[in-house]
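The next block holds one structure in the form of structure tokens; read it before the comments.
Residue numbering restarts at 1 for every chain, and letters A, B, ... go by the order of the sequence lines.
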Amino acid sequence: MSNIRIHLPDKSIKEFEFEPTVLQVAESIGSRLAKDTLGAQINGQLEVVDLRTVLPNDTQLKIITKGSDESLEVVRHSAAHVMAQAVQDIWPEVKVTIGPVIENGFFYDFDSPFAFTPEDLKKLEKKVNHLLKKNEVVTKEIWSTEKAIETFQKMGETFKVEIIKDLGEEEVSIYKQGDWFDLCRGPHVQKIGQIKAVKILHTAGAYWRGDENNPQLQRIYATAFNSKEDLAEHLKLLEEAKKRDHRKLSKDLGLVYNHPFAPGAPFFTERGSIIYNELQNYMREGYQKYGYHEVISPQIFDNQLYEKSGHDANYKENIFSTNVSEREFSIKPMNCPGHCLLYGATKKSYRDLPWRIADFGRLHRNEKTGALHGLTRVTTFCQDDAHIFCRVDQLFDEIKSFMIFLDEVYNKLGMSNYKIFLSTRPEKRVGSDEVWDQAESVLAKALKNLNLDYTVNEGDGAFYGPKLDIMFVDALKRPWQLGTLQCDFNMPNNFDLKYVGEDNSTHQPVMIHRAILGSLERFIGVYLEHTAGRLPTWLSPQQVVIMNITSSHDEYCRNLEQELKAAGIRVAYDDRNEKLGYKIREAQLKQIPYMITIGDQEVENSTVSVRLLTGVNKNGYNKTDFITNLKNEVNNKNLRTFLEN
RNA sequence: GCCCAUGUGGCUCAGUGGUAGAGCACACCCUUGGUAAGGGUGAGGUCGAGAGUUCGAUUCUCUCCAUGGGCACCA
């Protein structure tokens, strides 16, 4: 065999008489590197391959060593095996299925005759740690498919057998650690001891192959890291996320109330409603600016509407409906069909387009009970919904205008970190290929024109048209889908919508469904998590609290309260006979952005002393200036208080 | 809808086969105190709902409801 050349990242080349494995290349460089090698990336690809992979001539090789972020995938993959081994060591009757690496960890699905209890998990974690200490060497073997099927069949591992059969390969790879082995593609560590920290997290039910018609398995979630410190940091992050849970925050801040009589349908309290209405008003300002007209449409329709729109055929189980005098009525799950009726109410000319109508109508969707979640998945909600009816050649400007509108809103709210996804035609679809071509390319063109990066999700579009999904990435780097823009060729057709063109003949408009915040409910939930409840002043239910030091400052405080109220500020005067520290603690917990203390000094000099939520104090601030600056801050909807930067 | 867990005063949680307790919040009293909890007294719960086992159930069993972790769903 001629010389095999392996290219390394520093442009150097290693030559071999044979096709080497990743590990052999590492050994040729140094024993220390070989010891630390956990995998590799080859030919510039992001996928991490096994260190036992045999490399053909002219491979570009980047070795992944312990401690790197890339190595986590290998470590977690192996940790999943260790966990499976531990489970079968403790409970031999449990059968294994699959155990992939996921973001921040891994899981393994087991076919178990019993459900794992929290005590079981503790036992399991102990066993896993014991196996890590044992530090078995991991070896890879190639088996023929027949041998693999026979072996796993004998062991009663029927799910493995099914996987192997479905693979349809002649050979499969098996990874062994001690006497335990599993069918696996890899990659895996050299020795189990290279997994430094494992934490078993929780259990869940999960369907075999994600299909609810299949048997349900027991899933165990866990995670692994390169060091105990990294693990501790991750667990801390989980704690932080828990503290920011909008269900906890919205309860603690008194924004939302839930009652079992209304599952999935939150009450917004007098405090919560302020946030809700402020957001709505803000969107209305945008509608004014971007040429939308707000409409109000019916809540309940004769079900014939949804037969016409197609929702009756495709969405019926989610629609609340009722029979009155033998007539079937449905509570609207979305605004679009109603808007189509409104479009058809008058004859439209091309001069009327684009016709943009916005609707804050309340929607109801009968979600499956297990899907409900806080404010982010509810049965009744309100979208910042609008529909744009336009000509195909107007799509470009409309999409552009939407993205500019959205960017403005997100920046205003301190949410500038977002990603855009363009979903293209799925297999099952309506509309001609020409129209799809045009719509998809115009979406891409508009994004490019605005210099916006986006990711294409091939085949992920709705059956009625391509769409943009906006993923907001919050302060804890978690993605949330909020905004969306969807082109729709279907509904205008179902409702036979027309306009008269310049050529005096009739044409069909395209319909755009779009939302920026998504639903107010979901948005508020996400925004609470993003801000940890510390809202900008203009969105705060209470903007100012005035605290007197003794009752002798009462008059000054009452006057100040009136002046702030007159300036349109949401203020309350805490005149209770309590110590200042006590009042501050309460205001701090309620996240009131401005805490004003009034004592002798302030009364004497006509000033206010301000404490911010950061704990920063500005004493002796001119009272009139304070009111003016605060008013400006609120009117401009500033993100930060005027006293910080 | 499915698997598992949970459900005790407004909130956070303890506890028991013989009908319940703490802290915070609330009410009243004392305290007039400068930046995250001053002190005292008191009121408040048929222990998620229904059925069963039992002499007796908040505690055990079953069903239902709700919530939580996931799965599936999110035309």
* Does B:U12 have OP1 or OP2 sitting under 4.0 Å from an N or O in the side chain of A:Lys251? -> yes
* To do: Classify the nucleic acid contact of A:Phe463 as base, sugar-phosphate or nothing, counting any heavy atom under 4.0 Å across all strands shown.
  => base
* Please state whether the base of B:C2 and the side chain of A:Gln216 form at least one donor-acceptor pair under 3.5 Å? => yes
* Would you mind classifying the nucleic acid contact of A:Tyr582 as base, sugar-phosphate or nothing, using non-hydrogen atoms under 4.0 angstrom? => sugar-phosphate
* B:G56 to B:G18 separation - C1' atoms, rounded to the nearest Å -> 7 Å
* Is a side-chain donor or acceptor of A:Gln486 paired with a backbone partner of A:His513 at a separation under 3.5 angstrom? -> no
* To do: State whether A:Arg365 places a side-chain N or O below 4.0 Å from either non-bridging phosphate oxygen (OP1 or OP2) of B:C73.
  => no
* To do: Quick one: label A:Asn318 by what it contacts on the DNA or RNA (base, sugar-phosphate, nothing), any heavy atom closer than 4.0 Å.
  => nothing
* Asked: So what does A:Gly210 hit on the nucleic acid, given a heavy-atom distance under 4.0 Å: a base, only sugar-phosphate, or nothing?
  -> sugar-phosphate
* To do: State whether A:Arg209 and A:Asp211 are salt-bridged, where the test is any N-O pair (Lys NZ or Arg NE/NH1/NH2 against Asp/Glu carboxylate O) under 4.0 Å.
  => no
* Asked: What is the nucleic acid contact for A:Ala371, judged by heavy atoms within less than 4.0 Å: base, sugar-phosphate only, or nothing?
  -> base
* Asked: Is A:Arg76 close enough and on-axis enough to A:Phe106, meaning under 6.0 Å and within 45°, for cation-pi?
  -> no
* To do: Please state whether the base of B:G34 and the side chain of A:Glu602 form at least one donor-acceptor pair under 3.5 Å?
  => yes
* **Distance test, side-chain N/O of A:Arg247 to OP1/OP2 of B:U67, below 4.0 Å** => no
* Contact class for A:Gln486 vs. all strands (heavy atom < 4.0 Å): base, sugar-phosphate, or nothing? -> nothing
* Asked: How would you label the contact of A:Asn548 with the nucleic acid (heavy atoms, under 4.0 Å): base, sugar-phosphate, or nothing?
  -> nothing
* Asked: Does the cation-pi check pass for A:Lys332 over A:Phe320, that is, NZ or CZ under 6.0 Å from the six-membered ring centre and within 45° of its axis?
  -> no
* Asked: Is there a donor and acceptor pair, one atom on the side chain of A:Tyr257 and one on the base of B:G10, closer than 3.5 Å?
  -> no
